[in-house]
Q: 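Before I ask anything, let me first share the structure, which is written out below as structure tokens.
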Amino acid sequence: MTGLVIHDTLSNSRKQLLIDEKIRIYLCGVTVYDDAHIGHARTIVIFDTLRRFLEANGNDVDLIQNFTDVDDKIIKKASDTATSTDSVSKKYIENYFEEFDALNIKRAVEYPKATEHIPDMISLISDLITKKIAYTAKNGVYFSVSKFSEYGKLSKKNIEELESGSRIEVDESKNNPLDFALWKFSDSSPVWDSPWGSGRPGWHIECSAMSIKYLGENFDIHGGGRDLIFPHHENEIAQSESFTGKPFAKIWMHAGMITINGEKMSKSLGNVKTVRHVLENWGPNIIRLFSLSGHYSKPIDYTEELLKENLVKWRQLETCYYELRLADGIGGLDSISSDILNSKQKFDAAIENDFNTPLALTEFFNMIKIINGLAAEEKITKDITGMAMPILEYMLDVLGLKLIKATDDEIKSVFELIGKREECRKNKQFEEADTIRDKISDMGIHLIDHKEKTLWMKKEEIKADT
RNA sequence: GGUGACGUGGCAGAGCGGUUAUGCGUGAGCCUGCAAAGCUUAUCUAAAGGGGUUCGACUCCCUUCGUCACCUCCA
């Protein structure tokens, strides 16, 4: 495969993802100075799902995601909390992995850190200075925007308008207010030596240096949140293309923001929901479903209603999985196999069509409805499980969803208790039967009484508080 | 002010120049000893307003209004 088509921000058109032996993706990660929030989670879930889809279909994916671990905000946090910048970034990187592992995000191939790539940045900057595209001024080394004629091509801005509308405090030492820092002079920690004086790198240069280092000069997809289009990605293009003389990323893919009451989640508005908080209250699966419930390019409003809707769907999915898994009926496949194959085909087609996950989820849950409908009639057979389960598991894998599995001990005791309960029910000892049911329920296991038999499923505990 | 995007039924949310998207919610029912879960069925026939183009527009063009994002660190 594949026929994957993605909307490219730069050309403002849909582009086919061309596949050589490897698909190389660079995702702009987080600045590690504070807790990650649900907005970070959505962007990362989107790219994780894209990567999972490609891999599930037999492609080799090189996904690189950086950590920005040198930044003014980290410095501020360190001084506010009387620690070092290292310990600040270390702490939040640890938190990051804890939370995003819990979210079932596949680890990137590499998580390069800015602080570990200073020499790469310095050589890139040196080259730009040699080419007279960058210059040294009082406060640092700057990229001269006027030397890159295509500046603004990503964000569709033109330089004159930017200059007139600029709200940046004008730094008189710069040639042009739009010029951005490649290297900032400083004597206080964190600080590195450079040919131009001690200091630290500007923000944008790390992504140019690290993406080129790990993925080459021209790679497949460069991703991040929409809010990075300007200035971050615009500047990356300017630096990288000036450096290599080649087009940078082939496809620029940008994820929409999470909003609250229609407004972007941000610190200044005080409407931030941390990943940790949402994980505690809704768990990883609901977050993933929620994150994919709208098209990746559009905003999603964080509301209890939407979360609850996804919780309802999650419960249907749990039922479906256990109905399939515990099926022991004998019989044929009926027409269901073509329905299920159809769902799989539509699911893939939706994702290939500019990563249309809301449509893919519709197909996914449509398939679940078909299976659950059959289950309600007690018509699930081993043969049906044999054909449907691999497809269900494929979709679960692509979506990064993970069902809670019961331990062997739990399964053993559940079987015993179900047997006992059946006895009680036969003897019309309903109080005892209900007591046993409560006991099973305390184990997080839910019983499904069919006509002929009782099924069980281990349900994920979800508090469902926003 | 500039740039970009968007405005679909109570809510969420796709596609498409001419066929019911779909889901949630809500009503009724089935199953059950009772529940839960699940299922079945019904329900809303929606496209911000105004102009065009067209045999025909939710889908294309123009315009008014509205919303959001970016222009400053930001996923």
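Chain letters run A, B, ... following the sequence lines, proteins first and then strands; every chain starts at 1.
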Q: Can you give one letter per nucleotide of nucleotides 3-16 of chain B, going 5' to 3': B for a protein heavy atom under 4.0 Å from the base, S for sugar-phosphate only, - for none?
A: S-S-----SSSSS-
Q: Does B:rC39 have its OP1 or OP2 closer than 4.0 Å to a side-chain nitrogen or oxygen of A:Asn372?
A: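 True: A:Asn372 side-chain N/O within range (under 4.0 Å) of B:rC39 OP1/OP2.
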Q: Give A:Ile229 one of three labels, base, sugar-phosphate or nothing, depending on what nucleic acid heavy atoms sit under 4.0 Å from its own.
A: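 No contact.
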Q: For a quick check under 3.5 Å, do A:Asp8 and A:Ser11 share a side-chain donor-acceptor pair by atom type?
A: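 A:Ser11 and A:Asp8 do have a side-chain donor-acceptor pair below 3.5 Å.
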Q: If you only use heavy atoms from C-beta on, which nucleotide in B:rG38, B:rU40, B:rC70 is closest to the side chain of A:Lys369?
A: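 Closest nucleotide among those given: B:rU40.
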Q: Distance between the C1' atoms of B:rA14 and B:rC6, in whole angstroms?
A: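 To the nearest whole Å, 15 Å.
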Q: About how many Å separate CD1 of A:Ile118 and CD1 of A:Ile205, when rounded to the nearest 0.5 Å?
A: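 These two atoms lie 10.5 Å from each other.
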Q: Across the strands shown, which category fits A:Lys313 at heavy-atom distances under 4.0 angstrom: base, sugar-phosphate, nothing?
A: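 Sugar-phosphate only.
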Q: Hey, can you pull the residues of residues 423-436 of chain A with a non-hydrogen atom under 4.0 angstrom from RNA chain B?
A: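 Going residue by residue through residues 423-436 of chain A, the ones with a heavy atom under 4.0 Å of RNA chain B turn out to be A:Arg425, A:Phe430, A:Asp434.
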Q: Apply side chain to side chain contact (heavy atoms under 4.5 Å, CB included) to residues A:Trp314 and A:Ile462 and explain how you reach the verdict.
A: CA-CA 11 Å; A:Trp314 176 249; A:Ile462 292 169; 4.1 Å; yes
Q: Please determine, for the side chain of A:Val312, which listed nucleotide (B:rC24, B:rA37, B:rA75) has the closest atom?
A: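 Per side-chain heavy atoms of A:Val312, the pick is B:rC24.
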Q: Just to be sure I understand the rule, does A:Leu447 reach a base, reach only the sugar-phosphate, or reach nothing, if contact means heavy atoms closer than 4.0 Å?
A: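 Here A:Leu447 touches the bases of the nucleic acid.
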Q: Return yes if a side-chain donor-acceptor contact under 3.5 Å exists between A:Arg24 and A:Ser211, otherwise no.
A: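 No.
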Q: Supply the atom-to-atom distance A:Thr43 OG1 to A:Leu27 CG, rounded to the nearest 0.5 angstrom.
A: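 Going from OG1 on A:Thr43 over to CG on A:Leu27, the span is 7.5 Å.
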Q: Dot-bracket for RNA chain B, please, read 5' to 3', with Watson-Crick or G-U wobble pairs under 3.5 Å on both distances, ( ) within the strand, [ ] crossing, | other strand, . unpaired.
A: (((((((..(((.....[...)))((((((.......))))))....(((((..]....))))))))))))....
Q: Would you mind classifying the nucleic acid contact of A:Ile46 as base, sugar-phosphate or nothing, using non-hydrogen atoms under 4.0 angstrom?
A: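 Counting heavy atoms under 4.0 Å across all strands, no contact is made by A:Ile46.
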Q: Does the plane of the ring in A:His222 sit parallel, tilted or perpendicular to the ring in A:His233? Use 30° and 60° as the thresholds.
A: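 Ring orientation, 0 to 90° scale: perpendicular.
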Q: Nearest to the side chain of A:Gln316, which nucleotide is it out of B:rA75, B:rA37, B:rC39?
A: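 Taking heavy atoms from C-beta onward, the closest nucleotide is B:rC39.
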Q: What nucleotide, of B:rG38, B:rC34, B:rA37, holds the atom closest to the side chain of A:Ala376?
A: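 The closest nucleotide is B:rG38.
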Q: Hey, which of these two, A:Met457 or A:His232, hits RNA chain B nearer its 5' end, going by closest nucleotide?
A: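 Closest to the 5' end, via its nearest nucleotide, is A:Met457.
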Q: Considering only the P atoms, how many Å lie between B:rU63 and B:rU3, rounded to the nearest integer?
A: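 Looking at atom P only, B:rU63 and B:rU3 are 13 Å apart.
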Q: Evaluate the criterion side chain to side chain contact (heavy atoms under 4.5 Å, CB included) for residue pair A:Phe290 and A:Ile258; output intermediate values, then yes/no.
A: CA-CA 10 Å; A:Phe290 163 82; A:Ile258 294 287; 3.7 Å; yes
Q: Identify the residue among A:Tyr96, A:Phe100, A:Tyr33, A:Tyr92 that makes a ring-ring contact (aromatic ring centres under 6.0 Å, His included) with A:Phe67.
A: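 Exactly one option meets the ring-ring contact (aromatic ring centres under 6.0 Å, His included) with A:Phe67, and it is A:Tyr96.
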